[in-house]
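The block underneath contains the structure these notes are about, expressed in structure tokens.
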Amino acid sequence: MIRWITIGALTLGLIGTAVWGYQEHQEKNAILIQAENSYQKSFHELTYYMDLLNDEIGTVLAMNSHERLSPQFVDIWRIASEANTNVSQLPLGLLPFNKTEEFLSDIGDFTYRTAIRNLDDDPLTSEETKVLEDLYVQAKEIKDELRHVQHMALENNLRWMDVQLALVNNDQSDNTIIDGFKTVEKQVEGYTEANSQSGLIGVSTKPQNHIEDLPGEKLTEKEVQDLGRTVLGVDQSEEMDVTSSGDGADIPFYTVSYHDDDKRAYMDVTQKGGYPLTILIERPIGEKKLSLHDGAEKAEEYLEQMNIENMELYQSMELDKVGMYSFLYNQDGIRVYSDSVEVKVALDNGDILGLTAENYYSNHHKREIAEPTLSEEDALEYVNPNIKIEEADLAIITNDLDEEVLVYEFLGTLNNETYRIFINAEDGTEEMVEKLGGKELKYSLDF
């Protein structure tokens with residue numbers, strides 16, 4: 001009898017293991033299919049937008065009406081932004097593709113500047129028309145190459161997950177998609193080198209990437225392993241998976257990952273100096289013992305330990321017993337929106353579960369801030385008079401042209417809705433208006 005009971009128990013255990021394994025396999029396949037579909041969607045939309053971009057630039061060259069030029073330039077700006085968004089959603093992080101992204105950004109900058117000026121009083125110059133003609137040719141070359149890649153991918157049933165695997169394993173030989181994107185990048189590089197001196201396009205207005213200026217030496221793989229164990233809270237005896245970014249990456253970094261039955265941990269860290277750009281730790285969260293305010297103090301202490309100083313808590317919220325906190329750099333009482341950091345804290349024991357610091361390290365530096373030309377009262381004249389203003393501060397934001405500008409930040413209400421309005425402190429331009437959802441005001445801490 002005992003023998004049969006034992007056999008039955010073992011059989012049930014094997015069946016349970018098989019079912020569990022099958023479910024794990026199905027879940028993994030579902031995730032892979034979802035990722036593949038997302039990549040396919042982004043790629044086909046990128047190809048579509050490059051087609052559209054080429055057509056729209058051609059339409060501008062054929063136009064003679066100043067009244068229709070500005071809306072057309074706005075359309076080109078929007079399409080270039082959509083194309084750039086699709087590029088960022090493809091698994092090309094380990095493949096040098098920054099020239100193409102800069103090209104699309106430069107098109108957006110050029111067309112936006114042109115769209116907002118009065119073309120009756122200040123029409124297109126011959127140099128700008130020549131730039132448009134060059135853009136038309138370049139967009140056609142990129143469009144044709146992407147169409148070729150698309151045709152080959154569909155004809156041979158190529159998968160983007162294979163592209164991602166090839167990039168991670170640094171095996172880029174005989175891959176149609178990778179070869180096609182390398183061709184696009186080479187074409188764009190030749191164009192930008194030939195036109196970077198024009199002063200009209202090819203020179204990005206984006207602020208300097210200050211990650212390049214961070215102190216420290218390049219970390220060895222052993223040092224990255226040790227850092228990963230410390231930051232991610234993993235036992236020193238455990239092995240960490242380490243992957244290096246590809247040659248030509250804007251920010252050379254290591255990706256460190258670890259997982260066991262109870263914990264998954266991931267970190268991107270700069271190769272030079274070992275500065276964590278992204279941290280994500282997933283584990284079961286126990287009973288809540290800390291308030292949102294307690295969690296904010298833990299987040300502030302963590303930033304101080306990382307020598308990220310003069311940060312001001314800007315927003316916070318709680319989700320599933322996890323506190324999420326947004327911090328902005330504060331220089332002489334002026335908030336700098338580009339130098340932002342996000343921290344996630346477990347409210348069961350105060351562990352740090354997440355960090356997003358790439359914006360901070362990319363943009364942070366000591367700024368020479370001039371006195372505002374307008375007073376706060378003058379700036380208020382440029383705000384919708386129907387808005388009831390509750391708070392006002394000075395801040396630095398990045399505008400649509402990727403230029404840092406000093407603004408007055410007004411927080412106010414209209415029809416029971418809360419808005420944040422940014423008014424240029426030099427000339428009164430309404431740089432940006434944001435609607436804030438529900439209770440999502442400046443702070444939401446439970447003191």
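Position 1 is the first residue of the sequence; numbering continues from there. The structure presented is a predicted model; accordingly, all values stated were derived computationally and were not measured. The figures that follow rest on heavy atoms only: side chains count, while hydrogens, waters and symmetry mates do not.
Residues K344 and L280 are in side-chain contact: their nearest non-hydrogen atoms beyond the backbone lie under 4.5 Å apart. N399 places none of its side-chain heavy atoms less than 4.5 Å from the side chain of N424. Contact of the V137 side chain with the E141 side chain is registered, since non-hydrogen atoms from C-beta on lie closer than 4.5 Å. Considering only heavy atoms from C-beta on, E342 stays 4.5 Å or farther from L355 through its side chain. Between Y275 and M306 the shortest side-chain heavy-atom distance does not fall below 4.5 Å. Using a 4.5 Å cut-off on side-chain heavy atoms (C-beta onward), D339 and N359 make no contact. The closest side-chain heavy-atom distance from K130 to E127 is not below 4.5 Å.
Side chains of D268 and Y266: a donor-acceptor N/O pair is present below 3.5 angstrom, by distance only. Counting only N and O atoms by type, the side chains of Y337 and E409 include a donor and acceptor under 3.5 Å apart. Of the N and O atoms on the side chains of S105 and N84, at least one donor lies less than 3.5 Å from an acceptor on the other residue.
Environment of OH in Y302: crowded, with over 12 heavy atoms of neighbouring residues, nucleotides or ligands closer than 6.0 Å. Counting non-hydrogen atoms of neighbouring residues, nucleotides and ligands closer than 6.0 angstrom, the CD atom of E426 reaches no more than 12 such neighbours.
Judged by distance alone, the side chain of S375 and the main-chain N or O of D378 form a donor-acceptor pair under 3.5 Å. For R367 (side chain) and H365 (main-chain N/O), a donor-acceptor pair under 3.5 Å exists by modelled atom type. With hydrogens and angles ignored, the 3.5 Å screen pairs a side-chain donor or acceptor of Y408 with a backbone N or O of L374. The backbone N or O of S338 sits less than 3.5 Å from a side-chain atom of N363, completing a donor-acceptor pair. In this structure, the side chain of T270 engages the main chain of K272 through a donor-acceptor pair within 3.5 Å. Checked by atom type and distance alone, the side chain of N54 pairs as donor or acceptor with a backbone atom of Y136 at under 3.5 Å. The backbone N or O of I421 sits nowhere less than 3.5 Å from a side-chain atom of E430 that would complete a donor-acceptor pair.
The pair K298-D351 does not meet the salt-bridge criterion, since no charged nitrogen lies less than 4.0 angstrom from a carboxylate oxygen. A salt bridge is defined here as a Lys NZ or Arg NE, NH1 or NH2 lying under 4.0 Å from an Asp or Glu carboxylate O, and R264 with E282 fails to meet this definition. Salt-bridge formation is not detected for the pair E82/R78: no Lys NZ or Arg NE/NH1/NH2 atom is positioned less than 4.0 Å from an Asp or Glu carboxylate oxygen.
Ring planes of F327 and Y325: tilted class, angle from 30 to 60°. Using cut-offs of 30° and 60° on the angle between ring planes, the pair W77 and Y112 is tilted.
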